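A short worksheet on the structure shown next.
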Amino acid sequence: MQFIDLNTQQRLIRDKIERNIKKVLGHGKYIMGPEVEELEEKLADFVGVKYAIGVSSGTDALLMALMSYDVEYGDYIITTPFTFIATAEVIALLGAKPIFIDIDEKTYNIDSDRIEDFLKDPIDSATNEFIKPAKIKGIIPVDIFGLPADYDRINQIAEKHNLFVIEDAAQSFGAGYKGKKACSLSNIGCTSFFPTKPLGCYGDGGMIFTDDVRIAKRLRSIRIHGKGEHKYDNVTVGLNGRLDTIQAAVLLAKFDIFSYEIDLRQKVAKRYSDALKDKFYLQEVPKSYKSAWSQYSIRPKKNNRDYYLRLLKNNNVPTAIYYQKPLHLQKTFNYLGYSLGDFPVSEKCSEGIFSLPFYPYINEKKNKLVIDILKKFL
Ligand SMILES: *Cc1c(COP(=O)(O)O)cnc(C)c1O
């Protein structure tokens with residue numbers, strides 16, 4: 001059994017993928033070819049926003065989103081410690097400081113009450129000094145494991161404090177929130193096409209979504225070295241942040257079956273949830289939310305993760321732990337001055353959680369095997 005099997009999907013659409021790639025080999029426009037624009041239009045339409053900008057990765061999407069708001073040295077950005085390093089890394093890259101806020105124990109997403117509490121009396125964790133409110137520029141909520149964060153509340157808080165909101169939707173492309181789609185839930189939505197994400201390509205890639213024409217224009221410039229009228233007219237500091245034409249061609253083939261796959265993901269998740277809810281804490285999907293289920297993660301109620309990991313391993317079932325160490329405890333962020341105990345919910349989840357094999361095409365038999373192994377003990 002594989003943790004994430006990409007081969008079944010490829011077998012279904014291999015012809016189309018090859019045809020699409022051959023088309024690129026034919027026209028030879030490897031950089032910013034027509035497939036990039038076609039994909040941008042299709043995905044903007046799917047997500048329900050005006051503008052989509054194809055970029056080099058999910059990490060670069062987040063970085064460029066921050067650059068489009070002129071985030072710089074001395075600024076602060078609020079985010080969650082229970083996420084992949086990229087979310088906070090891009091803040092630090094620009095010389096700004098991540099402010100971590102603990103998560104909600106049921107959804108594993110940033111806890112909006114705690115954001116409000118923090119903003120009432122914002123203190124720098126390293127210096128213990130009061131942070132001038134104008135230095136706090138934005139919030140990056142993460143839709144962890146594919147489940148959107150609480151955007152109504154978060155956007156409301158952001159508006160009150162004059163902050164932007166960038167949705168880290170690297171794991172949640174295809175997810176839903178109160179009738180809207182992930183990537184459309186705040187000022188800017190950023191996703192990743194890393195191969196194992198819900199919509200993955202065959203290399204690195206990402207996309208940025210926004211309804212703000214000014215931001216879209218800036219992002220198109222930042223994506224190509226801060227270009228103005230043309231490539232050799234440079235009006236701002238940018239980077240080489242383009243999505244490859246060949247990756248766009250692969251994604252076009254995959255996107256045709258994407259909605260079907262999102263439906264399959266709901267079925268797989270339901271099979272796991274129905275069988276495991278008694279003995280494990282599941283990630284709770286609030287009413288009128290829909291997860292893209294990039295990971296299916298559980299926490300044993302008896303807090304005996306190692307037992308289950310061994311049991312599954314002995315039966316050749318692969319698992320993974322997202323995330324072993326919350327970001328405030330990572331060495332790279334020592335300078336932020338956080339320590340063990342600062343974010344008890346994130347720490348508790350990191351100690352108890354693990355993820356099961358999950359992909360749209362996992363069949364009922366394999367699904368049941370994992371469940372049976374987990375239940376033998378129960
Ligand atoms: C994967 C991921 C990213 C980064 O995406 P890449 O395409 O790998 O650069 C950022 N944030 C989260 C939450 C992710 O899971």
Side-chain angles (χ1 to χ4, degrees), residues 39-41 43-72 75-80 83-84 86-91 93-94 96 98-99 109-110 112 115 136-144 146 148-159 161-177 180-193 197 199 205-224 226 236-239 241-243 292:
L39 184 74
E40 288 173 344
E41 279 171 14
L43 298 200
D45 195 46
F46 174 82
V47 163
V49 302
K50 288 197 190 120
Y51 310 103
I53 297 98
V55 298
S56 35
S57 70
T59 306
D60 289 345
L62 292 165
L63 177 64
M64 292 160 74
L66 290 172
M67 288 167 77
S68 76
Y69 278 112
D70 292 312
V71 169
E72 60 184 6
D75 290 343
Y76 292 82
I77 305 289
I78 292 169
T79 192
T80 160
T83 179
F84 182 55
T87 312
E89 181 181 48
V90 292
I91 299 168
L93 259 174
L94 293 173
I99 293 168
N109 279 326
I110 195 165
S112 24
I115 301 178
I136 306 174
K137 295 290 167 69
I139 308 175
I140 308 183
V142 178
D143 303 342
I144 205 74
D150 179 14
Y151 286 95
D152 281 354
R153 274 295 300 292
I154 293 168
N155 289 334
Q156 202 177 30
I157 296 166
E159 207 162 305
H161 294 270
N162 202 19
L163 310 175
F164 60 74
V165 181
I166 296 172
E167 178 186 0
D168 182 344
Q171 305 180 359
S172 64
F173 193 76
Y177 175 87
K180 290 190 265 184
K181 287 247 169 51
C183 292
S184 77
L185 305 177
S186 62
N187 299 108
I188 301 183
C190 295
T191 200
S192 162
F193 301 132
K197 307 278 168 148
L199 181 63
M207 201 165 279
I208 311 178
F209 299 87
T210 185
D211 272 325
D212 184 329
V213 64
R214 193 188 63 89
I215 290 289
K217 235 175 127 176
R218 283 219 66 193
L219 286 168
R220 292 216 165 93
S221 167
I222 291 168
R223 168 171 71 175
I224 305 181
T236 184
V237 172
L239 40 89
R242 299 171 292 239
L243 176 67

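Computed from a prediction, not measured in an experiment: that's the story for all the values here.
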State plainly whether the residues K181 and E167 are in salt-bridge range, i.e. N to O under 4.0 Å.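 Salt bridge absent between K181 and E167.
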So, are K180 and D152 salt-bridged, with charged N and O less than 4.0 Å apart?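 Salt bridge between K180 and D152, a charged N being under 4.0 Å from a carboxylate O: no.
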What's the shortest heavy-atom distance between [X] and [Y], and which atoms?
X	Y	value
A44	K50	CB-O, 4.3 Å
M67	V237	CE-O, 3.5 Å
A61	V55	CB-CG2, 3.7 Å
A149	I154	CB-CD1, 4.0 Å
M207	L243	CE-CD2, 4.4 Å
A182	V47	O-CG1, 3.7 Å

Determine yes or no for a side-chain-to-main-chain donor-acceptor pair under 3.5 angstrom, with [X] supplying the side chain and [Y] the backbone.
X	Y	value
N109	P148	yes
T191	A169	yes
D75	I136	no
N187	I166	no
R223	G54	yes
S57	D60	yes

I110, I188, T87 screened by side-chain contact (heavy atoms from CB on, under 4.5 Å) with I140, the one that passes: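 So, applying the side-chain contact (heavy atoms from CB on, under 4.5 Å) to I140 and each of I110, I188, T87, only T87 qualifies.
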Set out, in order, the CA-CA distance, both residues' side-chain angles and the distance that settles ring pair (Phe, Tyr, Trp, His ring centres under 6.0 Å) for F46 and F173, then state yes or no. CA-CA 10 Å; F46 174 82; F173 193 76; 5.4 Å; yes
Any chance you could lay out the side chain to side chain contact (heavy atoms under 4.5 Å, CB included) test for I144 and T83, step after step, and finish with the verdict? CA-CA 7 Å; I144 205 74; T83 179; 4.3 Å; yes
For the atom pair [atom1] ([X]) and [atom2] ([Y]), what is the distance rounded to the nearest 0.5 Å?
X	Y	atom1	atom2	result
S221	I53	OG	CD1	11.5 Å
L39	E41	CG	CD	10.0 Å
I208	C190	CD1	SG	5.0 Å
E89	L94	CD	CG	11.0 Å

Test K137 against L163 for side chain to side chain contact (heavy atoms under 4.5 Å, CB included), laying out the working first. CA-CA 5 Å; K137 295 290 167 69; L163 310 175; 5.8 Å; no
Do [X] and [Y] come within less than 4.5 Å of each other through their side chains, counting heavy atoms only?
X	Y	value
I91	L66	yes
I77	I99	no
Y51	L219	no
I115	I78	yes
R153	Q156	yes

Flag for D143-Y151: side-chain donor and acceptor within less than 3.5 Å: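 Present: a donor and an acceptor within the cut-off.
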Going by the side-chain hydrogen bond (donor to acceptor under 3.5 Å, both in side chains) test, name the single residue among D212, T210, T236 that passes it with R218.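 The option that passes is T236.
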With side chain to side chain contact (heavy atoms under 4.5 Å, CB included) as the criterion, how do S192 and K197 come out once you've worked through the C-alpha distance, each side chain's angles and the decisive distance to 0.1 Å? CA-CA 7 Å; S192 162; K197 307 278 168 148; 3.6 Å; yes
I139 vs F164, side chain to side chain contact (heavy atoms under 4.5 Å, CB included): CA-CA, chis, key distance, verdict: CA-CA 6 Å; I139 308 175; F164 60 74; over 6 Å; no
Steps toward side chain to side chain donor-acceptor pair (under 3.5 Å) verdict (S186, N155): CA-CA 7 Å; S186 62; N155 289 334; 5.0 Å; no
